[in-house]
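So the structure is just underneath, and the comments pick up after that.
Read the numbers this way: they start at 1 and go in the same order the structure lists the ligands and their atoms. From a predicted model like this one, the values you see are computed outputs, not experimental measurements.
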Amino acid sequence: MVRQISLSRQEKSLLKLARKAARKAYAPYSSFKVGAALRTTSGHIYSGCNVEDVSFPLGTCAERNAIAAAVREEGAKMKVAEIAIAAFKQSKHASVAPCGGCRQAIYEFGSMTKVIFLDGRRNVRKMLIGELLPEAFRF
Ligand code: THU
């Protein structure tokens with residue numbers, strides 16, 4: 001069971017888009033399909049999924065692919081207001097907090113970004129990127 005805390009309509013729809021993206025993932029090696037959907041501060045929405053490779057380190061995470069799509073459209077000034085992440089393992093909802101590398105990548109495009117994800121207890125969580133990655137690396 002997935003317990004949904006009070007999410008706004010906008011947050012719910014972002015999570016739905018993350019699930020839609022996850023269904024498209026290319027994850028033949030892990031069978032862990034991840035999707036991310038983000039809303040930029042200009043109000044547009046972009047999504048991405050994980051794309052694995054037989055040469056494992058070449059695989060890319062859903063969050064970073066969504067960020068790449070957003071930068072591609074909005075350019076270097078793009079900022080992420082919120083990002084939702086969803087995952088499926090054997091077609092079942094799976095918990096997924098963003099990996100460490102993706103936390104840094106999200107932080108790069110907004111130190112106040114809200115992150116929505118399903119935690120290990122199967123609760124939908126909303127956290128600020130600064131809570132997920134305290135003392136993020138910066139120059
Ligand atoms: N993965 C993501 O897409 N995002 C994360 O934050 C965690 C991990 C992907 C990478 C790999 O394709 C699969 O999940 C299993 O690690």
Side-chain angles (χ1 to χ4, degrees):
M1 193 190 73
V2 172
R3 269 182 296 272
Q4 203 134 311
I5 45 149
S6 57
L7 294 178
S8 69
R9 232 179 50 198
Q10 225 174 22
E11 290 163 349
K12 273 186 197 158
S13 90
L14 213 54
L15 201 52
K16 206 169 153 186
L17 286 171
R19 288 176 184 146
K20 188 175 172 192
R23 292 200 172 88
K24 296 274 176 64
Y26 179 72
Y29 305 105
S30 70
S31 298
F32 194 70
K33 300 178 122 198
V34 188
L38 65 85
R39 189 171 53 78
T40 64
T41 51
S42 63
H44 295 100
I45 288 171
Y46 305 91
S47 65
C49 58
N50 56 333
V51 179
E52 298 185 345
D53 194 278
V54 65
S55 176
F56 293 175
L58 294 183
T60 47
C61 287
E63 298 90 320
R64 276 177 286 164
N65 285 337
I67 287 169
V71 173
R72 160 65 184 81
E73 286 305 312
E74 297 191 12
K77 291 205 170 76
M78 189 279 291
K79 291 282 172 213
V80 181
E82 51 187 348
I83 181 167
I85 303 143
F88 294 104
K89 179 106 189 153
Q90 268 102 45
S91 308
K92 290 201 172 93
H93 287 290
S95 56
V96 61
C99 75
C102 285
R103 292 178 195 202
Q104 186 74 47
I106 294 165
Y107 191 90
E108 181 79 15
F109 294 95
S111 57
M112 293 301 289
T113 303
K114 190 201 305 167
V115 186
I116 303 157
F117 61 98
L118 187 65
D119 75 8
R121 294 195 185 133
R122 305 188 74 70
N123 291 318
V124 177
R125 295 277 294 273
K126 286 192 264 192
M127 290 178 79
L128 293 177
I129 191 63
E131 296 176 90
L132 285 167
L133 187 68
E135 302 300 329
F137 173 73
R138 55 205 300 183
F139 280 129

Arg72 side chain near Tyr46 side chain, heavy-atom distance below 4.5 Å = no
To which protein heavy atom is atom 7 (C) of ligand 1 closest, and what is the distance rounded to 0.1 Å?
-> Cys99 CB, 3.9 Å
Would you call Ile67 and Leu38 a side-chain contact if the rule is heavy atoms closer than 4.5 Å?
-> yes
Within 4.0 Å of some non-hydrogen atom of Glu63, the atoms of ligand 1 are 2 (C), 3 (O), 4 (N), 5 (C), 6 (O)
Any side-chain donor paired with an acceptor under 3.5 Å for Tyr107 and Arg138?
-> yes
Would you say atom 16 (O) of ligand 1 touches the protein, meaning some protein heavy atom is under 4.0 Å from it?
-> no
Find all atoms of ligand 1 within a distance of less than 4.0 Å from any non-hydrogen atom belonging to Ser30, and give their numbers and elements.
-> 13 (C), 15 (C)
Has ligand 1 got any nitrogen or oxygen that is less than 3.5 angstrom from a nitrogen or oxygen of Asn50?
-> yes
Of all the atoms in ligand 1, which lie at a distance below 4.0 Å from a heavy atom belonging to Pro98?
-> 6 (O)
Shortest protein heavy-atom distance from atom 11 (C) of ligand 1, along with the residue and atom involved = Glu52 OE2, 3.3 Å
Note: ligand 1 atoms sitting under 4.0 Å from heavy atoms of Cys61 are 1 (N), 2 (C), 3 (O), 4 (N), 5 (C)
At the 4.0 Å heavy-atom cut-off, does Gly59 count as touching ligand 1?
-> no
Does an N or O anywhere in Val96 fall below 3.5 Å from an N or O of ligand 1?
-> no
Evaluate the side-chain proximity of Arg125 to Ile116: yes if any heavy-atom separation is below 4.5 Å, no if none is.
-> no
So, Asp119 and Ser95: side-chain donor and acceptor under 3.5 Å apart, yes or no?
-> no
Check: Ala62 N/O within less than 3.5 Å of ligand 1 N/O = yes
Can you tell if the side chain of Arg103 reaches within under 4.5 Å of the side chain of Val115, non-hydrogen atoms only?
-> no
For residues Arg122 and His93, determine if any side-chain heavy atom of one lies less than 4.5 Å from a side-chain heavy atom of the other.
-> yes
Check: Glu74/Ser42 side-chain N/O donor and acceptor closer than 3.5 Å | yes
